[in-house]
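Right, one structure below, let's go through it.
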There are 2 protein chains.
Amino acid sequence: MTKITIKDVALRAGVSVKTVSRVINNEVNVRAEMQEKVKKAVNELGFRRNPLARALRNQQTSILSLLYSNPNPGYILEVQNGIQAQCDLDNYNLQILPCDHNDEHFFEKIESLLQRSSTDGVLLIEPLCDMPEVIDLLDKYKLPYALISPATSKPKAPFARSNDEQASYQMTEYLISQGHKDIAFIMGDPSHGDSHQRLKGYQNALAEYNISVDDTFFEQGYFTFESGEISARRLLSLKNRPSAIFASNDYMAAAVLKVAAQKQIKVPQELSIVGYDDTPVSKQIWPALTTVRQPIRDISSHATKKLIAQLNKCSFDEVKTLFECQLVVRESTSVWASD
Amino acid sequence: MTKITIKDVALRAGVSVKTVSRVINNEVNVRAEMQEKVKKAVNELGFRRNPLARALRNQQTSILSLLYSNPNPGYILEVQNGIQAQCDLDNYNLQILPCDHNDEHFFEKIESLLQRSSTDGVLLIEPLCDMPEVIDLLDKYKLPYALISPATSKPKAPFARSNDEQASYQMTEYLISQGHKDIAFIMGDPSHGDSHQRLKGYQNALAEYNISVDDTFFEQGYFTFESGEISARRLLSLKNRPSAIFASNDYMAAAVLKVAAQKQIKVPQELSIVGYDDTPVSKQIWPALTTVRQPIRDISSHATKKLIAQLNKCSFDEVKTLFECQLVVRESTSVWASD
DNA sequence: TTGAAAGCGCTAACAT
DNA sequence: ATGTTAGCGCTTTCAA
């Protein structure tokens with residue numbers, strides 16, 4: 001089977017290649033009559049244009065790349081789906097470049113990834129989107145990029161993110177409204193910007209309601225189940241243990257639940273637990289976790305939209321970059337009757 | 001910044017473009033002297049060859065595509081990583097084509113995905129790899145493909161998979177060795193081939209050990225937490241309830257754990273539960289699940305290797321296509337003292 | 001061992 | 001409104 005080119009189509013339709021090109025690209029200035037002839041030939045021959053030749057000629061590949069180093073499968077997949085949705089709309093393809101930022105040869109690796117792939121633009125997520133070295137590399141290769149949920153307050157690239165701080169504030173406020181005062185907090189990986197946002201929201205809410213919290217109620221976690229378990233063990237061994245624990249993500253919250261179960265502490269009656277992210281696990285444990293849902297898909301789509309706009313040099317000055325999160329109340333929290 | 005082409009390099013090095021081409025492709029028949037000159041020029045100019053032009057000329061894109069419709073994030077990510085690992089080795093790039101096989105316009109969608117993307121070959125996972133219509137579509141477009149864990153016993157395309165039936169047999173055998181006789185089974189989605197393999201392994205083990213099991217101990221699930229919950233509710237409401245439940249994946253096993261907790265049935269003392277897949281959730285719940293780990297990464301890498309071999313027309317007749325699974329014993333199972 | 005020239009399939013100038 | 005031609009950057013005949 002030989003490839004069908006526009007030459008073949010032109011021959012068959014009895015027109016020039018340019019006319020064929022015009023038709024398949026929906027350009028104006030083609031008589032309806034010609035249109036018909038060409039379309040007929042295209043169908044008869046089963047012609048499909050070669051994206052490669054197009055790409056070479058147009059100097060654009062219609063490929064976007066997602067560069068990431070992130071261990072959270074549920075999150076990444078949502079991001080991928082969000083990007084893909086926008087790509088579908090704009091006829092782009094999505095290429096993935098997974099890597100490991102803890103790898104010794106990290107920078108060489110992504111450099112080689114970038115080199116051998118041809119891409120029009122790159123999408124970055126945490127923690128890469130906050131690493132200046134990565135940004136510099138992209139700048140060096142003159143690759144346009146957009147950031148998905150960066151922590152930096154004023155990124156110089158297009159970005160979209162959720163209002164983490166506000167969501168964290170609301171979650172804390174919710175716990176307070178349930179009568180909780182002794183609310184412990186397990187922070188996420190300090191190298192992720194989100195961790196700080198979430199902490200801030202929690203602290204602000206406490207301040208707002210004039211609640212002062214014991215230092216022992218703060219734990220540094222790392223977004224992993226294991227780190228959550230360690231923190232939970234400490235928190236739940238305190239003589240005055242908290243009535244509620246706010247874990248910065250669901251994995252750590254699940255770990256708190258485990259430790260509580262082991263210590264025969266009833267959740268939510270004797271302890272309220274909340275997580276963050278609404279990952280699948282939050283529904284797969286019992287009691288199901290009260291958590292925060294981020295519109296990851298929307299955020300990712302939006303960042304992608306901005307990137308594509310930039311590629312097309314369309315000034316896409318839509319102001320919206322901050323997306324609202326949603327409180328998801330499930331079974332791991334309840335009213336606290338102090339004393 | 002203008003793009004550096006091999007012309008520029010040739011000029012700088014004072015040789016012909018062909019010589020440059022020879023050097024950057026590590027061809028033979030180039031004098032060391034020339035090599036040096038060219039390499040120097042390449043470095044000085046910061047030349048990087050244009051993958052697009054290469055692709056057009058060579059009629060190969062060096063892009064592989066993963067086409068999938070699968071709701072299991074952990075699984076997909078492992079697959080992606082496995083494919084990527086092989087791609088790294090062979091200098092391919094990975095493009096993802098997520099889709100939804102329950103979508104009304106499913107076939108049109110993947111057809112359009114396939115059309116607008118240029119790819120050398122496609123990798124398929126469950127359930128797509130078992131759908132004849134999908135295979136036909138790929139054949140129609142003359143796209144080479146390989147299958148990751150297909151259910152079909154003798155696929156006509158290159159494939160790699162795990163020995164699910166055997167692993168399922170071993171898991172059942174393990175439960176029997178712990179003294180269990182009343183072992184219930186929750187099957188997975190019947191449209192996934194794995195579901196049947198796992199069932200068969202379970203049945204074979206029971207037969208081998210002359211254990212006959214009540215019909216009420218069989219439940220049809222769909223690999224979702226919700227379906228597992230429904231099945232678990234039935235199983236744990238039986239007057240003679242099973243002493244062990246074998247769920248065909250971890251999500252359903254997690255659901256069994258939930259129902260047991262709600263019914264105050266102690267796991268593993270009063271009920272052993274096992275899952276399958278060793279997904280992250282299996283460690284994020286308490287007690288942690290005894291489960292089966294599939295070498296998903298290896299399987300995916302291997303299928304990719306075969307696909308690439310096929311693309312290069314290398315006859316890659318390595319026989320190994322079946323990968324061993326591994327029993328992961330955690331805390332959700334224990335010895336059963338009958339009576 | 002090296003080089004000149006053709007061409008992969010397409011689109012944008014530039015004619016007509 | 002339509003056609004001719006050049007060329008995107010690379011590799012591959014084929015000739016020297």
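Just so it is clear, the model here is predicted, and its values are computed rather than measured. Values below: all heavy atoms of this structure, side chains included; hydrogens, waters and symmetry mates excluded.
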Report each atom pair, protein N/O against N/O of nucleotides 6-9 of chain D, whose distance is under 3.5 angstrom.
residue	atom	partner	partner atom	Å
D/dG7	N2	A/Arg57	NH1	3.0
D/dC8	O3'	A/Gln59	NE2	3.1
D/dG9	OP1	A/Gln59	NE2	3.3
D/dG9	N2	B/Ala53	O	3.4

- Message: For DNA chain C, which residues of residues 19-36 of chain B approach it to below 4.0 angstrom with any heavy atom?
- Response: B/Thr19, B/Arg22, B/Asn29, B/Val30, B/Arg31, B/Met34
- Query: Do B/Gln294 and B/Tyr75 meet the criterion of a side-chain donor-acceptor pair at a distance under 3.5 Å?
  - Reply: no
- Taken in chain and number order and not counting sequence neighbours, the residues that satisfy side chain to side chain donor-acceptor pair (under 3.5 Å) with A/Ser16 are A/Thr19
- Message: When the axes are fitted on five pairs at both termini, how much does the helix from C/dT1-D/dA16 to C/dT16-D/dA1 curve, in 10° steps?
- Response: 40°
- Message: Per the salt bridge (charged side-chain N to carboxylate O under 4.0 Å, His left out) rule, what does the pair list look like for residues 50-66 of chain B, sequence neighbours excluded?
- Response: none
- Note on the structure: B/Glu104 meets the salt bridge (Lys or Arg N to Asp or Glu O under 4.0 Å) criterion, sequence neighbours left out, with none
- Message: In whole Å, I'd like the distance from the CG atom of A/Asp8 to the C1' atom of C/dC8.
- Response: 13 Å
- Note on the structure: Between NZ of B/Lys18 and C1' of D/dT12 the distance, given in whole Å, is 6 Å
Please output the side-chain donor-acceptor pairs of residues 78-90 of chain A that fall under 3.5 Å, not counting sequence neighbours, one pair per line with the distance.
residue	atom	partner	partner atom	Å
A/Gln80	OE1	B/Tyr68	OH	3.4
A/Gln80	OE1	B/Gln80	NE2	2.9
A/Gln80	NE2	B/Gln80	OE1	3.0
A/Asn81	ND2	A/Leu77	O	3.2
A/Gln84	NE2	A/Asp88	OD1	3.2
A/Gln86	NE2	A/Asp90	OD2	3.1
A/Asp88	OD1	B/Arg116	NH2	3.0

- Message: If the condition is salt bridge (Lys or Arg N to Asp or Glu O under 4.0 Å), which residues does A/Asp100 pass it with, not counting sequence neighbours?
- Response: none
- For B/Asp298, what residues pass the side chain to side chain donor-acceptor pair (under 3.5 Å) criterion, not counting sequence neighbours? none
- Taking side chain to side chain donor-acceptor pair (under 3.5 Å) as the test, write out the residues that go with A/Lys7, two or more places apart. none
- With sequence neighbours excluded, residues passing side-chain contact (heavy atoms from CB on, under 4.5 Å) with A/Leu11: none
- Task: Taking side chain to side chain donor-acceptor pair (under 3.5 Å) as the test, write out the residues that go with A/Ser65, two or more places apart.
- Result: A/Gln95, A/Thr119
